[in-house]
Trainee: 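Structure below; questions to follow.
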Amino acid sequence: MSDAYDPAGDGAKMSYADAMSYGDYLHLDGILGQQHPQSTAHDEMLFIIQHQTSELWMKLALHELSAARDALIAGDLTHMFKMMARVSRIFEQLNSAWDVLRTMTPADYTTFREALGPSSGFQSHQYRLIEYVLGNRNPNMLKPHAHRPDMVAALQAELARPSFYDEVIRHLFVTLDGDDRNLPAPQMTSPHSAVPEVQARWKVVYEDVDTHWRLYELGEKLVDLEDYFRRWRFNHVTTVERVIGFKRGTGGTSGVQYLRRMLDVELFPELWHLRGDL
């Protein structure tokens, strides 16, 4: 008789012929069956899973950002703060993923790079949507998605409404001024650039944090989020340079040079600029 431990003895359910199993709930057959390397290269599986899991994390980030914006509009800052903190941790998770991809050497990558064709992370519509939600809105970035009307529609719908940061600015003005009569027009179809009136109000908050604690907390949550987002961009640059050097990207961009240019983008510029005025 075997003396191996039997979980059934502790009440564990051992038969799922007539019940929902772990795999059923998560639809694992579908998820685990979606890795289709285009070559025989060993490291292509790493490359595929790295990017697929990143897209899943970005899907969750969009889920949280959408709910956070709704909570902000409803005046529910408590739940919004929790969602913002979660988005920051999602980007921390995305940052850690670069460490795994960096185990792939240039020699490894060249064994399957041609199999990618012109496909590139540059074409990630979810990443573009995250940028649009946060306020980095460049309508030119709709073009890589023209072959997918559903993606274009989702991106255009975001461009048609105030960004998450626009809603933050509205909350800032209403809280400090008592109304939104002096609220600057939202920058809905262009990357958000610093507005002196917005920075002046953030300065009021940061010069008297005890009086304006909730706004101060909101500002720091935004800085946390952008901090993690910037780290993700930086790690992207260094990973690409480590693997392909200064070659052009598979999607036709200048590769490292393009990614370095993205490092200069500021999502919430007023919150960074005011630090030099305090």
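Sequential numbering from 1 along the given sequence is applied to the chain's residues. We use all heavy atoms of the structure for the numbers below, so side chains are in, but hydrogens, waters and symmetry mates are not.
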Trainee: Should Tyr22 and Leu28 count as side-chain neighbours, where that means a heavy-atom distance under 4.5 Å?
Mentor: yes
Trainee: Over all heavy atoms of both residues, which pair between Asp224 and Ser88 is shortest? Give the atoms and the distance, please.
Mentor: C-OG, 3.8 Å
Trainee: Check whether any side-chain heavy atom of Arg214 sits under 4.5 Å from a side-chain heavy atom of Thr78, and report yes or no.
Mentor: yes
Trainee: If you count the non-hydrogen atoms of other residues, nucleotides and ligands that lie under 6.0 Å from CG in Asp29, is the total more than 12?
Mentor: no
Trainee: Pair Val168, Phe268 - check side chain to side chain contact (heavy atoms under 4.5 Å, CB included), show working.
Mentor: CA-CA 10 Å; Val168 168; Phe268 317 127; over 6 Å; no
Trainee: One pair to check against side chain to side chain contact (heavy atoms under 4.5 Å, CB included): Val152 and His125. What are the steps and the verdict?
Mentor: CA-CA 9 Å; Val152 172; His125 82 282; over 6 Å; no
Trainee: Is Arg201 salt-bridged to Glu197, going by a charged N under 4.0 Å from an acidic O?
Mentor: no
Trainee: What is the minimum heavy-atom distance between Met80 and Leu218, and which atoms define it?
Mentor: CE-CD1, 3.3 Å
Trainee: Nearest 0.5 Å please: distance from the CG atom of Leu134 over to the CG atom of Leu129.
Mentor: 9.5 Å
Trainee: Quick one: does any side-chain atom of Ser190 pair with a main-chain N or O of Gln187 as donor and acceptor, under 3.5 Å?
Mentor: no
Trainee: State whether the number of non-hydrogen atoms from other residues, nucleotides or ligands found under 6.0 Å of His79 atom NE2 is greater than 12.
Mentor: no
Trainee: Identify whether the distance between the nearest side-chain nitrogen and carboxylate oxygen of Asp180 and Arg170 falls below 4.0 Å.
Mentor: yes
Trainee: Mind checking the CG-CD spacing from Asn138 to Glu131? Nearest 0.5 Å is all I need.
Mentor: 9.0 Å
Trainee: Taking the side chain as every heavy atom from C-beta outward, state whether Asp166 and Arg161 have any atom pair closer than 4.5 Å.
Mentor: no
Trainee: Answer yes or no: is there a side-chain heavy-atom contact under 4.5 Å between Thr103 and Asp43?
Mentor: no
Trainee: Run the ring-centre check on Phe234 versus Trp98 and record whether the distance is less than 6.0 Å.
Mentor: no
Trainee: Please determine whether residues Val205 and Trp213 belong to a single hydrophobic cluster, defined as Ile, Leu, Val, Met, Phe, Trp and Tyr linked transitively by side-chain heavy-atom distances below 4.5 Å.
Mentor: yes
Trainee: For the residue pair Trp232 and Tyr127, establish whether any side-chain heavy-atom pair is separated by less than 4.5 Å.
Mentor: yes
Trainee: Taking atom NZ of Lys143 as the centre, does the number of heavy atoms from other residues, nucleotides or ligands within less than 6.0 Å exceed 12?
Mentor: no
Trainee: For Ser66 and Leu62, indicate whether the former's side chain and the latter's backbone hold a donor-acceptor pair under 3.5 Å.
Mentor: no
Trainee: Closer than 3.5 angstrom, by distance alone: can the side chain of Asp24 be matched with the main-chain N or O of Ser21 as a donor-acceptor pair?
Mentor: yes
Trainee: Between Pro269 and Ala194, which heavy-atom pair has the shortest distance, and what is it?
Mentor: CG-N, 3.6 Å
Trainee: What's the separation between atom OH in Tyr206 and atom CD in Glu220, rounded to the nearest 0.5 Å?
Mentor: 3.5 Å
Trainee: Quick check: does any side chain N or O of Gln123 sit under 3.5 Å from a backbone N or O of His145, one acting as donor and the other as acceptor?
Mentor: no
Trainee: Apply the test side chain to side chain contact (heavy atoms under 4.5 Å, CB included) to residues Thr110 and Arg113: give CA-CA distance (whole Å), side-chain angles for both, the deciding distance (0.1 Å), then the verdict.
Mentor: CA-CA 5 Å; Thr110 56; Arg113 190 182 189 219; 5.6 Å; no
Trainee: Is any NZ, NE, NH1 or NH2 atom of the basic residue among Arg275 and Glu207 found under 4.0 Å from an Asp or Glu carboxylate oxygen of the other?
Mentor: no
Trainee: Do you know the tightest heavy-atom contact between Phe164 and Leu65?
Mentor: CD1-O, 4.5 Å
Trainee: Within the side chain of Asp177, is there an N or O that forms a donor-acceptor pair under 3.5 Å with the backbone of Asp179?
Mentor: no
Trainee: Do Met58 and Ser124 come within less than 4.5 Å of each other through their side chains, counting heavy atoms only?
Mentor: yes
Trainee: Starting from the C-alpha separation in whole Å, work towards a yes-or-no answer on side chain to side chain donor-acceptor pair (under 3.5 Å) for Glu226 and Tyr165.
Mentor: CA-CA 12 Å; Glu226 182 165 357; Tyr165 189 47; over 6 Å; no
Trainee: Evaluate Val174 against Leu183 for side chain to side chain contact (heavy atoms under 4.5 Å, CB included), listing each step before the verdict.
Mentor: CA-CA 8 Å; Val174 170; Leu183 182 71; over 6 Å; no
Trainee: Flag the pair Leu94 / Ile90 as yes when at least one side-chain heavy-atom distance between them is below 4.5 Å, and no otherwise.
Mentor: yes
Trainee: Please determine whether a side-chain nitrogen of the Lys or Arg among Glu158 and Arg137 lies less than 4.0 Å from a carboxylate oxygen of the Asp or Glu.
Mentor: yes
Trainee: What do you reckon, is CH2 of Trp57 surrounded by more than 12 foreign heavy atoms closer than 6.0 Å?
Mentor: no
Trainee: Can a donor-acceptor pair be found, under 3.5 Å and without considering hydrogens, that links the side chain of Thr53 to the backbone of Gln50?
Mentor: yes
Trainee: Output the distance between atom CE (Met104) and atom CD (Glu44), rounded to the nearest 0.5 Å.
Mentor: 10.0 Å
Trainee: Which atom names give the shortest non-hydrogen contact between Pro162 and Glu167, and what distance separates them?
Mentor: CB-OE2, 3.7 Å
Trainee: Atom NE2 in His273, atom CG in Leu271: separation rounded to 0.5 Å?
Mentor: 10.0 Å
Trainee: Determine whether Phe91 and Ile130 make a side-chain contact, defined as any pair of heavy atoms from C-beta on separated by less than 4.5 Å.
Mentor: yes
Trainee: Could you tell me whether Glu217 and Lys82 have a side-chain N and a carboxylate O separated by less than 4.0 Å?
Mentor: no
Trainee: Please round to the nearest 0.5 Å and tell me the distance separating atom CG of Leu267 and atom CH2 of Trp272.
Mentor: 9.5 Å
Trainee: Check for me, please, whether Tyr132 and Met188 land in the same ILVMFWY cluster - side-chain distances under 4.5 Å, paths through other members count.
Mentor: no
Trainee: Is the positively charged end of Arg231 above the ring of Tyr228, judged by distance under 6.0 angstrom from the centroid and angle within 45° of the axis?
Mentor: yes
Trainee: Please check if the side chain of His51 supplies one atom and the backbone of Phe47 the other of a donor-acceptor pair under 3.5 Å.
Mentor: yes
Trainee: Is the shortest side-chain N to carboxylate O distance from Asp99 to Arg102 below 4.0 Å?
Mentor: yes
Trainee: Parallel, tilted or perpendicular, judged at 30° and 60°: which one describes the rings of Phe112 and Tyr109?
Mentor: perpendicular
Trainee: Among Asn136, Ile169, Val198, find the residue that satisfies the side-chain contact (heavy atoms from CB on, under 4.5 Å) test when tested with His192.
Mentor: Ile169
Trainee: Assess, by modelled atom type and distance only, whether the side chains of Gln35 and Gln52 contain a donor and an acceptor separated by less than 3.5 Å.
Mentor: yes
Trainee: For the pair Asp6 (side chain) and Ala8 (backbone), establish whether a donor and an acceptor sit closer than 3.5 Å, ignoring hydrogens and angles.
Mentor: yes
Trainee: Under a 4.0 Å N-O cut-off, is there an ion pair linking Glu64 with Arg86?
Mentor: yes
Trainee: Can you list the steps and then say if Asp208 with Tyr216 is a side chain to side chain donor-acceptor pair (under 3.5 Å)?
Mentor: CA-CA 9 Å; Asp208 188 358; Tyr216 172 67; over 6 Å; no
Trainee: Minimum heavy-atom separation for Pro37 to Met45, with atom names?
Mentor: CG-CE, 4.1 Å
